[in-house]
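Read through the structure below, which is laid out as structure tokens, and then see the notes.
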Amino acid sequence: MKGFGIAILTFFFLQCGFGQTLNPKFDSVLAKKLMADDYGMKKYVFVILKTGPNKTTDKAFIDSCFAGHFKNMGRLVELEKLIVAGPFKKNQNEFRGLFILNVTTLEEAQQLLETDPAIHSGLLISESYLWYGSAALPEYLDESDKIWKSKP
């Protein structure tokens with residue numbers, strides 16, 4: 001009976017070792033550059049931007065803050081810290097937009113978010129969450145810059 005148990009355990013461990021599928025397209029240099037784990041994934045911070053407590057109607061102030069918001073987004077893209085951004089349509093949760101930041105801690109994300117004039121002024125507030133996604137996500141930025149026809 002003891003031999004049967006050892007045989008079952010041996011079979012189980014062999015299945016674990018041989019049951020994994022190896023990727024024939026695996027590029028170790030790219031994986032290392034993108035800081036991918038064995039599954040091609042890594043940590044990011046997912047940020048939801050919501051309407052903030054500042055309800056000013058001063059158009060010049062609002063325009064200035066949002067001009068700074070977009071300029072800051074461009075700076076974060078250049079630093080390879082902001083890899084996804086986009087607005088939400090009008091909704092009941094007051095969600096205004098989202099960011100995916102190429103950082104691994106909420107603290108680092110908060111430091112970056114504090115540089116945003118729309119957040120700093122209270123026109124927007126942010127909620128940040130640790131997120132696990134494809135390490136290849138930043139690679140789409142080069143292609144995305146080739147498909148817009150006019151800048152908003």
Side-chain angles (χ1 to χ4, degrees), residues 13-152:
F13 287 117
L14 286 173
Q15 288 301 310
C16 289
F18 294 112
Q20 296 177 356
T21 303
L22 297 179
N23 180 2
K25 297 179 183 178
F26 179 68
D27 181 335
S28 62
V29 174
L30 181 61
K32 184 176 180 177
K33 172 188 159 199
L34 297 174
M35 297 181 286
D37 64 14
D38 286 348
Y39 305 107
M41 307 280 278
K42 66 181 271 187
K43 284 194 254 179
Y44 298 97
V45 174
F46 180 88
V47 180
I48 296 174
L49 300 172
K50 297 174 74 173
T51 300
N54 186 343
K55 305 296 185 198
T56 185
T57 57
D58 182 341
K59 184 170 173 20
F61 176 76
I62 293 169
D63 289 349
S64 172
C65 287
F66 278 98
H69 170 72
F70 288 108
K71 184 177 181 180
N72 192 58
M73 287 171 48
R75 182 183 68 82
L76 294 177
V77 167
E78 287 178 17
L79 293 172
E80 299 180 352
K81 297 297 184 183
L82 177 62
I83 54 173
V84 174
F88 288 106
K89 296 267 187 192
K90 197 167 191 84
N91 61 79
Q92 65 193 26
N93 295 317
E94 295 190 322
F95 289 3
R96 300 285 298 277
L98 70 86
F99 290 160
I100 296 179
L101 297 174
N102 195 11
V103 298
T104 59
T105 68
L106 295 174
E107 294 77 19
E108 187 177 0
Q110 188 58 40
Q111 289 175 347
L112 295 174
L113 294 168
E114 287 172 2
T115 66
D116 188 305
I119 295 172
H120 185 73
S121 68
L123 293 172
L124 296 174
I125 58 171
S126 62
E127 293 180 3
S128 300
Y129 304 92
L130 293 176
W131 185 69
Y132 185 63
S134 172
L137 197 55
E139 293 295 291
Y140 100 96
L141 284 172
D142 288 336
E143 298 305 316
S144 70
D145 203 34
K146 297 173 187 173
I147 60 173
W148 60 268
K149 192 171 185 178
S150 60
K151 197 149 188 98

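Side chains included, hydrogens not; waters and symmetry mates left out as well; all remaining heavy atoms used.
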At what distance, to the nearest 0.5 angstrom, does [atom1] of [X] lie from [atom2] of [Y]?
| X | Y | atom1 | atom2 | answer |
| --- | --- | --- | --- | --- |
| Ser126 | Ile48 | OG | CD1 | 10.0 Å |
| Asn72 | Ile119 | CG | CD1 | 8.0 Å |
| Thr115 | Lys71 | OG1 | NZ | 12.0 Å |
| Leu112 | Leu79 | CG | CG | 8.0 Å |

Q. If you look at every heavy atom in Leu82 and Leu141, which pair is closest and at what distance?
A. O-CD1, 3.9 Å
(Q) To check you understand the geometry: which heavy-atom pair defines the closest contact between Asp116 and Ala118, and what is its length? (A)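 For Asp116 and Ala118, the tightest heavy-atom pair comes out as OD1-N, 2.8 Å.
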Q: Give a yes or no on whether a salt bridge exists between Arg75 and Glu78, defined as a side-chain N under 4.0 angstrom from a carboxylate O.
A: no
**Q.** Audit row: Tyr140, Val84, side-chain contact (heavy atoms from CB on, under 4.5 Å) steps and yes/no
**A.** CA-CA 9 Å; Tyr140 100 96; Val84 174; 3.9 Å; yes
Q) Do the side chain of Tyr44 and the main chain of Ile83 share a donor and acceptor less than 3.5 angstrom apart? A) no
Q: For Asn91 and Lys89, indicate whether the former's side chain and the latter's backbone hold a donor-acceptor pair under 3.5 Å.
A: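 Checking the backbone N and O of Lys89 against the side chain of Asn91, a donor-acceptor pair under 3.5 Å is found.
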Q. Which salt bridge (Lys or Arg N to Asp or Glu O under 4.0 Å) pairs, counting each pair once, include a residue from residues 117-140, with sequence neighbours left out?
A. Lys33-Glu139, Lys50-Glu127
Taking C-beta and beyond as the side chain, do [X] and [Y] meet within less than 4.5 Å on heavy atoms?
| X | Y | answer |
| --- | --- | --- |
| Asp38 | Phe26 | no |
| Leu106 | Val45 | yes |
| His69 | Met73 | yes |

Q) Who pairs with Phe61 by side-chain contact (heavy atoms from CB on, under 4.5 Å), at least two apart in sequence or on another chain? A)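 For Phe61, the residues satisfying side-chain contact (heavy atoms from CB on, under 4.5 Å) (neighbours in sequence not counted) are Asn54, Thr56, Asp58, Cys65, Ser121, Leu123.
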(Q) Does the plane of the ring in Phe70 sit parallel, tilted or perpendicular to the ring in Phe66? Use 30° and 60° as the thresholds. (A)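 Geometry flag for Phe66 against Phe70: tilted rings.
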Throw together a table of side-chain donor-acceptor distances under 3.5 angstrom for residues 94-104, partners on residues two or more places apart or in other chains.
unit_1 : atom_1 : unit_2 : atom_2 : d
Asn102 : OD1    : Lys42  : NZ     : 2.7
Asn102 : ND2    : Glu80  : O      : 3.3

Q) Is the number of heavy atoms from other residues, nucleotides or ligands under 6.0 Å of Lys55 NZ greater than 12? A)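 Counting other residues, nucleotides and ligands, NZ of Lys55 exceeds 12 neighbours.
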